[in-house]
Amino acid sequence: MMTRPRVSPGPGDRPAGRPALTKSAKTKLAEVVVVCSKCAKRQGLRPRAVRAMLKGAAKQAAKDGLLTGRTKLCIVESGCLGPCPKRAVAVATGASLAEGRVVLLDPEAAPQDALAAVLRPVLPRRRAPEFGPNTPLAAVAPAESPPDA
């Protein structure tokens with residue numbers, strides 16, 4: 001006769017009816033920046049070159065008082081982000097990813113210009129007009145002016 005082994009409940013095994021607890025914590029980070037290491041390598045940049053450039057520019061901007069509030073950047077290198085530009089490096093932030101955008105950064109740009117391009121607010125996508133039975137006519141077609149007499 002064989003007995004079943006006893007398995008102690010792990011941290012992921014919760015009794016039914018007891019919800020999982022989630023917590024959040026404060027951070028000093030202003031932004032998380034993701035850099036495509038494949039693009040950087042294609043441009044002939046040494047590993048972590050974009051990271052060093054952006055970190056240095058952020059520290060200088062914080063000293064000059066251009067950045068307010070949280071000033072630390074977390075810069076992470078990752079795999080391919082999607083677009084593979086010939087003469088640029090693909091960089092993404094949380095805000096740009098929320099809008100479905102990736103910033104294409106010129107590797108020969110000045111550090112302050114590169115930082116400004118990465119941290120600038122992303123313009124929202126233009127929404128396509130909606131057509132349907134509840135759409136007011138004025139929103140669909142521009143009003144026509146009366147003919148001149």
Side-chain angles (χ1 to χ4, degrees), residues 5 7-145:
V7 178
S8 62
D13 300 331
R14 297 203 181 271
R18 189 168 179 200
L21 299 176
T22 58
K23 296 181 181 181
S24 64
K26 288 184 180 180
T27 181
K28 294 181 181 179
L29 297 176
E31 188 69 63
V32 176
V33 180
V34 182
V35 179
C36 177
S37 59
K38 189 176 175 183
C39 289
K41 184 177 179 181
R42 182 179 293 146
Q43 296 304 317
L45 300 173
R46 62 180 171 72
R48 299 187 181 191
V50 177
R51 178 182 187 273
M53 176 181 65
L54 291 175
K55 281 250 188 200
K59 285 182 182 179
Q60 185 62 39
K63 284 181 185 177
D64 295 342
L66 299 175
L67 290 179
T68 59
R70 298 182 200 147
T71 57
K72 287 185 92 175
L73 292 178
C74 178
I75 302 172
V76 181
E77 289 192 356
S78 74
C80 187
L81 293 175
C84 293
K86 290 191 178 199
R87 293 177 189 88
V89 177
V91 177
T93 62
S96 69
L97 289 175
E99 294 296 327
R101 302 283 186 192
V102 174
V103 178
L104 302 179
L105 188 64
D106 183 13
E108 297 172 1
Q112 294 83 9
D113 296 337
L115 182 67
V118 170
L119 293 183
R120 80 164 177 253
V122 179
L123 298 175
R125 291 184 189 179
R126 289 179 48 178
R127 295 186 66 176
E130 295 182 19
F131 299 104
N134 296 331
T135 306
L137 186 59
V140 177
E144 294 182 20
S145 60

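Worth saying up front: this structure is predicted, and the values here are computed from it rather than measured.
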Counting only pairs under 3.5 Å, give me each side-chain donor-acceptor contact of residues 32-53, with atom names and distances, residues two or more places apart or in other chains.
unit_1	atom_1	unit_2	atom_2	d
S37	OG	S78	O	2.8
Q43	NE2	K86	O	2.8

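Between K59 atom NZ and L54 atom CG the span is 12.5 Å, to the nearest 0.5 Å.
A heavy-atom distance below 4.5 Å is not found between the side chains of T93 and V103. When side chains are defined from C-beta on, L115 counts as touching L73, because their heavy atoms get closer than 4.5 Å.
Residues A90 and L81 approach most closely at O-CD1, 3.6 Å, considering heavy atoms.
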